Amino acid sequence: SHPLKILFSDTSFVMSYLNALEELASENYIETFFDNINNDFKRNLNFLHRSYPTYEFYSKDVIIKNRNKIRELLNIDKNILFIIDEDSNDFNLSKLKIKNLMNIPIVIKSINYENNKLWEPSDNKILYPDKKWEISLNSELSKIEDKENLKLISNFPSSNKIHESNLQLLNSKNISFFTSLNESNRKIINQLSNHNFITINNQLKEILIKPGTWDISSPLFIPFGYVLKANPGTHLKLLNNAFILCYSSIQFKGSEQNPIVIESPDKTSQGFSVVDAYKSSSFKYVHFIGLGNLKSYGLQTTGAVSIYNSEVSFNNCLFKDNISEDGLNIFRSTFLIESSSFTNAQSDALDIDFGNGSINNTSFNKSINDAIDFSGSSVKIDGVFISDAGDKGISVGENSKIISKNIQIMNSNIGVASKDLSNINIDKINLTNCKIGFAAYQKKSEFGGGYIYVSGAKFNNVETSKSIQKGSELILNP
């Protein structure tokens, strides 16, 4: 057996591990830690700057980002499902399934309504990962109309911290976590047919979103084996934590005068995801505005728009004001991005993980972290403009291979960084108002240094043209 599997089969270890996670994720724990070590930290950083004057410490941001991920993973509100009996036409709670989508056990203490106990388990209170309970409620209490005041009271084993979270109710007619793919598809299609803005052609396997402005306030699942289509004049408003999750290919074709718009006016949306689509997807003149990332039903992505294990193209698309870790995340996919723009990203604008594709004539303006971040990818770039990247304009990591030309980067901390056995070849690059032009280094111990090969570099008001760690390489040709 794998050592981790053996370790996590030890109940005592799991309990201690959960306590440590809760402490790490608690309010101000990380901030207090850094406050306590601040004097030692500054002294050691000054010592490092004697030999490495351009060195900057980024690990605090990484630790805080990981802390936030742990908080999401420990978020019972998003990871415990309450599935209504599929024979019920409404949300009558007389028959209810409780399913734990987390990777850790939880203790169910009670279901409360307006601070009164509606139900509590009689014997074993621990709900283990990927397990479900079936419960029956008093028929009078089960007809409660104000479902928003139903609360789950729970805690993690060996922890005294009580969690009060909203019940996440899902009618099993909408989607099934317990049936075969064909059975699940049938239920999803039945649910989609209830929307007046959707038409379904089962013979052609096409689902069409009609032109118009539509409010979507609950999750929209698109089943495997179909094509989801939309045309100019389609405006989707994702509200109340809604998201679109597609297991089929997408054909969204807007126009320059009348683009397709997908936005979240209330800033609660959990984004747009395409997973394991068996045909290529295409987005033309589509605007993605103010979207967050998926974090419900045990599913979690990093992108406001996430493409997983699928082929995709984006042409003349806009990614603006998205509030996720990545504006667009492409994972293990083949892709083409051209004539598109990314604006006001809350972290990375574009994150490519183990992808293969091309980026052409695309602009990136104002990203808090990196404009473009590559990991384990092979990509060609022709014509990219980057402005105001808080960290790196182009970050290349984990043995990525990038061939690029006609690059402009301005008002950014680091222009181009290559690390961990990655190679980037650049033909013609202009760097303006950057702190560091090129940086090459090793970040992860299992890799080596980074490599940058440049022809035709121009520097304008760049404080330090290069920062190259031993074992890495930068070659600058005229």
Side-chain angles (χ1 to χ4, degrees), residues 54 56 328 330 335-342 345 348-367 369-443 447-478:
T54 61
E56 293 195 32
L328 170 61
I330 296 176
F335 67 92
L336 171 64
I337 300 170
E338 58 183 2
S339 303
S340 295
S341 61
F342 295 73
D348 294 344
L350 172 62
D351 193 331
I352 308 293
D353 298 310
F354 312 104
N356 190 316
S358 299
I359 304 170
N360 303 322
N361 301 318
T362 292
S363 64
F364 300 81
N365 183 39
K366 293 184 180 178
S367 54
N369 199 44
D370 301 334
I372 312 175
D373 186 10
F374 298 106
S375 296
S377 298
S378 178
V379 179
K380 293 182 178 180
I381 302 174
D382 184 1
V384 160
F385 173 80
I386 296 170
S387 176
D388 296 282
D391 192 2
K392 297 175 283 290
I394 299 176
S395 177
V396 186
E398 296 188 20
N399 201 26
S400 291
K401 311 297 181 187
I402 310 298
I403 298 174
S404 63
K405 60 182 179 180
N406 302 320
I407 309 297
Q408 295 185 60
I409 302 175
M410 62 187 302
N411 303 328
S412 301
N413 184 41
I414 298 174
V416 177
S418 179
K419 55 187 180 292
D420 299 336
L421 293 179
S422 295
N423 287 267
I424 180 168
N425 287 267
I426 305 173
D427 181 17
K428 298 185 181 63
I429 180 171
N430 291 342
L431 295 163
T432 303
N433 297 331
C434 295
K435 189 170 183 179
I436 300 173
F438 300 103
Y441 53 94
Q442 179 179 349
K443 182 178 180 181
F447 293 98
Y451 305 91
I452 304 174
Y453 308 102
V454 184
S455 296
K458 294 183 179 180
F459 300 90
N460 181 25
N461 194 29
V462 176
E463 292 183 23
T464 302
S465 63
K466 59 185 179 181
S467 175
I468 310 302
Q469 188 185 75
K470 185 178 179 180
S472 298
E473 184 176 59
L474 167 67
I475 296 179
L476 283 171
N477 293 316

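Here the structure is a predicted model, which is why all the values come from computation and not from measurement.
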Q | Smallest separation among heavy atoms of Ile424 and Ser418, with atom names | A | CG2-CB, 4.2 Å
Q.
Just verifying a value: how many Å separate Lys380 NZ and Leu336 CG, rounded to the nearest 0.5 Å?
A. 12.5 Å
Q) Got a second to check how far Leu431's CG is from Ile386's CD1, nearest 0.5 Å? A) 9.5 Å
Would you be so kind as to tabulate the donor-acceptor pairs closer than 3.5 Å made by side chains of residues 349-363, with sequence neighbours excluded?
unit_1 : atom_1 : unit_2 : atom_2 : d
Asp353 : OD2    : Asn329 : ND2    : 3.0
Thr362 : OG1    : Ser340 : N      : 3.4
Thr362 : OG1    : Asn360 : O      : 2.9

Q) Side chains of Phe335 and Leu328: does their closest heavy-atom pair fall under 4.5 Å? A) no
Q: Quick one: closest heavy-atom pair of Ile414 and Ala439, and the distance?
A: CG2-CB, 4.1 Å
(Q) Can you list everything that forms a side-chain contact (heavy atoms from CB on, under 4.5 Å) with Asn365? Sequence neighbours excluded, please. (A) Thr343, Ser387, Asp388
**Q.** Heavy-atom pair of closest approach, residues Gly393 and Ala371
**A.** O-CB, 3.2 Å
Q | Steps toward salt bridge (Lys or Arg N to Asp or Glu O under 4.0 Å) verdict (Lys443, Asp420) | A | CA-CA 6 Å; Lys443 182 178 180 181; Asp420 299 336; over 6 Å; no
Q.
Just to verify, what does Val454 make a side-chain contact (heavy atoms from CB on, under 4.5 Å) with, not counting sequence neighbours?
A. Ile426, Ile429, Phe438, Ile452, Ala457, Leu474, Leu476
Q. Hey, is the main chain of Gly449 close enough, under 3.5 Å, to the side chain of Gln469 for a donor-acceptor pair?
A. no
Q | Between CD1 on residue Ile475 and OG on residue Ser455, distance to nearest 0.5 Å | A | 9.5 Å
Q) Do you know which two heavy atoms are closest between Lys435 and Val462, and how far apart they sit? A) O-CG1, 4.4 Å
Q: Could you pull out all residues at least two apart from Asp373 that satisfy salt bridge (Lys or Arg N to Asp or Glu O under 4.0 Å)?
A: none
Q.
To check you understand the geometry: which heavy-atom pair defines the closest contact between Ala417 and Lys392, and what is its length?
A. CB-CD, 3.2 Å
Q | By ring-ring contact (aromatic ring centres under 6.0 Å, His included) - contacts of Phe342 (at least two apart) | A | Phe319, Phe364
**Q.** Atom pair CZ (Phe447) and CD (Glu398), whose distance is rounded to the nearest 0.5 Å
**A.** 4.5 Å
Q.
To the nearest 0.5 Å, what is the distance between CZ on Phe385 and CE on Met410?
A. 5.0 Å
Side chains of residues 399-409: which donor-acceptor pairs under 3.5 Å do they make with residues two or more places apart or in other chains?
unit_1 : atom_1 : unit_2 : atom_2 : d
Asn399 : OD1    : Lys401 : NZ     : 3.2
Ser400 : OG     : Gly376 : N      : 2.9
Ser400 : OG     : Ser377 : N      : 3.0
Ser400 : OG     : Gly397 : O      : 2.7
Ser404 : OG     : Asn425 : O      : 3.0
Asn406 : ND2    : Asp382 : OD1    : 3.1

**Q.** Polar contact flag, side-chain donor to acceptor under 3.5 angstrom, Ser395-Lys419
**A.** yes
Q.
Measuring only between side-chain heavy atoms, which start at C-beta, is Ile394 closer than 4.5 Å to Phe374?
A. yes
